[in-house]
Amino acid sequence: EAAVLETARGGILRRGLAVTRAAGAIVTNIAEDHFGEWGVNDLRALAETKLVVGRAVLPGGRLVLNADDPVLVESAASLAVPILWTSLDSASPLLVRHRASGGDACWTEGGAIMLERNGQRSEVASLASIPITVNGTARHNVANVLGAVALAAVAGLSLDAIRQGLTTFGTSPRDNPGRLNIYRIGDVTIVVDFAHNPHGMDALVAMANQLPASRRLVILGQAGDRDDLALRQLAASAVAFQPDRVILKEMDKYLRERPPGQVCDVMEAEFLRLGTPRERISRAPSEFEAVRAALAWARPGDLLLLPTHAERGRVLGLLDQLERSGWRPGEPVPETT
């Protein structure tokens with residue numbers, strides 16, 4: 001009866017859109033990533049590529065865009081498709097003008113998600129009732145929720161159905177494997193996420209910095225097709241976490257023509273340049289081993305931030321195993337799952 005389809009920038013540039021008609025479309029944000037590939041070298045070109053999805057919107061549908069993203073706001077000026085704007089700020093000038101002219105919008109106000117369609121304003125749900133917002137501290141997921149609510153409304157779902165989806169979709173791997181999965185095992189808080197570029201790491205760190213912690217650890221790695229500047233920016237984003245321990249992970253699956261160790265070399269140099277003491281930095285030969293080393297280091301009250309890309313299934317399997325067994329810090333960490 002319905003399909004939700006994601007299309008990547010690379011897919012659009014290589015093959016175009018897989019569909020020609022859609023009730024609605026969304027572009028959540030524009031951030032630096034994959035520059036230099038397929039003729040995209042700046043944010044404006046990236047926005048132009050992503051906004052191709054708006055061409056599939058049927059009459060009566062809406063293109064959902066983030067009013068808090070200046071590149072999207074600028075790029076939208078030349079679009080003919082009707083827009084439903086979202087914003088974390090109820091006082092956003094663009095949002096205020098858009099609503100005043102009768103436009104549709106979705107925003108946060110008073111700790112709740114608000115939706116206005118065809119001049120009718122409704123409260124969808126409180127942030128506290130939506131698990132993936134982590135009581136509103138995960139601002140990137142609040143923004144994602146706004147987009148999901150808007151697109152669901154455009155597709156014709158009822159407020160009750162939207163509310164049920166928001167309040168029952170949690171932060172466990174069973175809901176969304178590898179995306180903001182939060183474990184509490186043996187008084188250790190463990191966050192697993194797919195954040196893999198500076199924009200994603202900034203969002204993850206902003207959320208994690210609001211969680212209590214006696215000590216903080218982050219593991220970090222990146223694919224070899226990013227240039228040195230992107231690697232340094234990723235490390236700089238992780239420095240904002242103020243980690244007591246950094247474990248740099250090798251990911252053989254994602255070397256992409258770089259020699260082993262080079263990605264970690266670049267990031268380690270940036271951590272050192274930004275003031276991380278050398279004795280706080282170590283390396284692991286794989287993502288799974290980096291996670292095992294993090295768990296071996298952990299003590300009650302610690303916070304482990306585990307961006308996970310190459311071995312997600314093994315990592316989540318290990319954490320599930322520890323959760324079931326009642327593992328406590330200081331106990332041996334299994335070598336296999």
Side-chain angles (χ1 to χ4, degrees), residues 29-37 41-43 46 138-140 178-181 189-211 213 215-298 302-312 315:
N29 56 67
I30 305 295
E32 291 186 22
D33 204 7
H34 298 287
F35 280 0
E37 298 179 12
N41 299 304
D42 55 42
L43 292 174
L46 184 60
R139 300 296 285 170
H140 64 297
R179 298 280 188 175
L180 196 59
N181 300 149
T189 300
I190 302 167
V191 180
V192 178
D193 194 81
F194 191 70
H196 63 284
N197 56 37
H199 182 74
M201 185 61 65
D202 287 343
L204 183 63
V205 166
M207 183 280 298
N209 278 344
Q210 298 185 63
L211 300 177
R215 302 183 303 168
R216 297 165 178 263
L217 175 149
V218 63
I219 68 171
L220 201 65
Q222 179 58 291
D225 58 352
R226 268 58 167 194
D227 62 21
D228 286 4
L229 175 60
L231 298 179
R232 291 194 297 269
Q233 289 173 335
L234 182 63
S237 296
V239 167
F241 184 54
Q242 298 180 316
D244 299 282
R245 189 73 178 178
V246 176
I247 302 177
L248 300 174
K249 56 180 178 175
E250 293 288 350
M251 297 191 295
D252 291 345
K253 179 180 178 181
Y254 295 116
L255 285 175
R256 294 174 180 168
E257 299 185 6
R258 279 191 187 253
Q262 189 179 82
V263 168
C264 290
D265 287 345
V266 174
M267 291 196 295
E268 180 174 0
E270 186 67 5
F271 274 106
L272 294 171
R273 189 186 72 83
L274 294 173
T276 303
R278 186 179 298 276
E279 63 270 17
R280 293 187 180 185
I281 305 172
S282 61
R283 297 195 186 189
S286 70
E287 186 168 83
F288 185 75
E289 290 304 318
V291 170
R292 289 189 67 248
L295 292 164
W297 177 86
D302 289 350
L303 172 59
L304 310 183
L305 197 59
L306 310 180
T308 302
H309 322 110
E311 298 180 87
R312 183 187 69 188
V315 169

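Side chains included, hydrogens not; waters and symmetry mates left out as well; all remaining heavy atoms used. For clarity, every value in this text was computed on a predicted model and none was experimentally measured. All residue numbers in this chain count up from 1 along the given sequence.
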*Asks:* Run the side chain to side chain contact (heavy atoms under 4.5 Å, CB included) test on V291 and I190 for me, step by step, so that the C-alpha distance in whole Å, both residues' side-chain angles and the decisive distance to 0.1 Å come before the verdict.
*Replies:* CA-CA 10 Å; V291 170; I190 302 167; over 6 Å; no
*Asks:* Between E270 (side chain) and L231 (backbone), is there a donor-acceptor pair under 3.5 Å?
*Replies:* no
*Asks:* Does the side chain of R280 reach to within under 4.5 Å of the side chain of P243, using non-hydrogen atoms?
*Replies:* no
*Asks:* In a check of side-chain contact (heavy atoms from CB on, under 4.5 Å) between I219 and each of I247, V246, L305, which one passes?
*Replies:* I247
*Asks:* What's the spacing between H196 NE2 and L234 CG if we round to 0.5 Å?
*Replies:* 9.5 Å
*Asks:* May I ask you to test the M207-L180 pair for a side-chain heavy-atom distance under 4.5 Å?
*Replies:* yes
*Asks:* When rounded to the nearest 0.5 angstrom, what distance separates CG in L248 from CD in E250?
*Replies:* 8.5 Å
*Asks:* Taking the side chain as every heavy atom from C-beta outward, state whether D244 and D302 have any pair of such atoms under 4.5 Å apart.
*Replies:* no
*Asks:* Looking only at heavy atoms, which two atoms of L220 and A238 are closest? And how far apart?
*Replies:* CD2-CB, 3.9 Å
*Asks:* Keeping the roles fixed (side chain from H309, backbone from A195), state whether a donor-acceptor pair exists under 3.5 Å.
*Replies:* yes
*Asks:* I want to check something: taking the side chain as every heavy atom from C-beta on, are V191 and L211 in contact at a cut-off of under 4.5 Å?
*Replies:* yes
*Asks:* Within the distance-only criterion (no hydrogens, no angle test), does the side chain of D202 pair as donor or acceptor with the backbone N or O of G200 below 3.5 angstrom?
*Replies:* no
*Asks:* Specify the closest pair of heavy atoms between R215 and A298, including all atoms of both residues, with the distance to one decimal.
*Replies:* NH2-C, 3.9 Å
*Asks:* For E268, is there an ion pair with R283 - N to carboxylate O distance below 4.0 angstrom?
*Replies:* yes
*Asks:* For a quick check under 3.5 Å, do R216 and N209 share a side-chain donor-acceptor pair by atom type?
*Replies:* yes
*Asks:* Which atoms form the tightest heavy-atom contact between S286 and E289, and what is the distance?
*Replies:* OG-N, 3.1 Å
*Asks:* Could you grab the distance from atom CZ of F241 to atom CG of L217, nearest 0.5 Å is fine?
*Replies:* 7.5 Å
*Asks:* Rounded to the nearest 0.5 Å, what separates atom CE in M267 from atom CD in Q233?
*Replies:* 13.0 Å
*Asks:* Going by heavy atoms in the side chains, are L304 and W297 under 4.5 Å from each other?
*Replies:* yes
*Asks:* Does E311 reach the side chain of M251, with side-chain heavy atoms less than 4.5 Å apart?
*Replies:* no
*Asks:* Above 12 or not: heavy atoms from other molecules or residues under 6.0 Å from CD of Q262?
*Replies:* yes
*Asks:* With a 4.5 Å limit on heavy-atom distance, are the side chains of L229 and R232 in contact?
*Replies:* yes
*Asks:* Taking the basic N atoms (NZ, or NE/NH1/NH2) and the acidic carboxylate oxygens, is any pair closer than 4.0 Å for D228 and R258?
*Replies:* yes
*Asks:* Determine whether S237 and H199 make a side-chain contact, defined as any pair of heavy atoms from C-beta on separated by less than 4.5 Å.
*Replies:* no
*Asks:* For the atom pair CD (Q222) and NZ (K249), what is the distance rounded to the nearest 0.5 Å?
*Replies:* 9.0 Å
*Asks:* Within this structure, what is the CG-CD1 distance for the pair L46 and I30, rounded to the nearest 0.5 Å?
*Replies:* 5.0 Å
